[in-house]
Amino acid sequence: MKEEYLRVFAAIAAIPPGRVASYGAIAARAGLPGRARLVGRLLGEVPDGMVLPWFRVLRSSGQIAMAPGSRGYREQCRLLKAEGVEVKNGRVPLSRFGLDADIDHAIWGMPES
DNA sequence: CGTATGACGTGGC
DNA sequence: AGCCACGCCATAC
């Protein structure tokens, strides 16, 4: 497993309950700006035994990335709602639940030292 | 070695 | 809101 991938998993694991983050934000936090696609790909092949709050990762628009109606989609909605995140038509209002730059700083720590 | 395909993002219209 | 073009890059064929 490449060290870069572990940083992606770590960034995902750091999303606090009741909040969500975009693929792009996760990639950036892992030191891989512009590589949101990699994050999406990795979520499709999480190592066995590794538990991650994958459901807290959304598109930059707040939309759930999985195909509407699919199993994962419904599961994601359920898990998010279960921890108090508002999901309407597969979309979450990032203005209230998303980690923006400032909050990232507070929760994830100093950007680059 | 090209081409296509994504749990993506941004900017333009 | 939508659509499109690009940029991105690991994998699969």
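Protein chains get the first letters and strands the later ones, always in sequence-line order, with residue 1 at the start of each.
- Summarising the geometry, the separation between CZ on Arg91(A) and C1' on dG2(C) is reported as 14 Å, rounded to the nearest angstrom.
- Note: CE (Met66(A)) to P (dG6(B)) measures 13 Å, nearest angstrom.
- Each of Glu45(A) and Pro33(A) was matched to the nucleotide of DNA chain C holding its nearest heavy atom; the match closer to the 5' end belongs to Pro33(A).
- Of the inter-residue distances, the one linking Leu94(A) atom CG with Ser61(A) atom OG reads 7.5 Å to the nearest 0.5 angstrom.
- With rounding to whole Å, Asn89(A) atom CG is found 13 Å from dA1(C) atom C1'.
- Counting non-hydrogen atoms under 4.0 angstrom, Tyr5(A) reaches the backbone sugars and phosphates but no base.
- Rounded to an integer number of Å, the gap from Leu32(A) CG to dC9(C) C1' is 11 Å.
- The distance from atom CG of Leu42(A) to atom C1' of dC9(C) is 11 Å, rounded to the nearest whole Å.
- Criterion: ILVMFWY side-chain heavy atoms under 4.5 Å apart, direct or through other members. Under it, Leu42(A) and Met1(A) are part of a common hydrophobic cluster.
- The CZ-C1' distance, from Arg35(A) to dT11(C), rounds to 13 Å in whole Å.
- Note that CG of Leu43(A) and CH2 of Trp54(A) are 9.0 Å apart. Values are rounded to the nearest 0.5 Å.
- Of the side-chain N and O atoms in Ser61(A), none sit less than 4.0 angstrom from OP1 or OP2 of dG9(B).
- When each of Met66(A), Arg78(A), Glu75(A), Gln76(A) is tested with Phe55(A) by the rule side chain to side chain contact (heavy atoms under 4.5 Å, CB included), just one qualifies, namely Gln76(A).
- Residue Arg41(A) has no polar side-chain atom (N or O) positioned under 4.0 Å from OP1 or OP2 of dT5(B).
- When every heavy atom of Gly84(A) is checked against every heavy atom of Phe97(A), the shortest pair comes out as O-CE2, 3.6 Å.
- The distance between atom CD1 of Ile26(A) and atom P of dG9(B), rounded to the nearest whole Å, is 11 Å.
- A sub-4.0 Å separation between OP1 or OP2 of dG9(B) and a side-chain N or O of Arg59(A) is absent.
- Comparing dA7(B) with dC13(C), their C1' atoms are spaced 22 Å from each other, to the whole Å.
- Across the strands present, dC4(C) finds its partner in dG11(B); the criterion is a Watson-Crick or G-U wobble pair with both atom distances under 3.5 angstrom.
- Distance CD (Gln63(A)) to C1' (dT10(B)): 17 Å, rounded to an integer number of Å.
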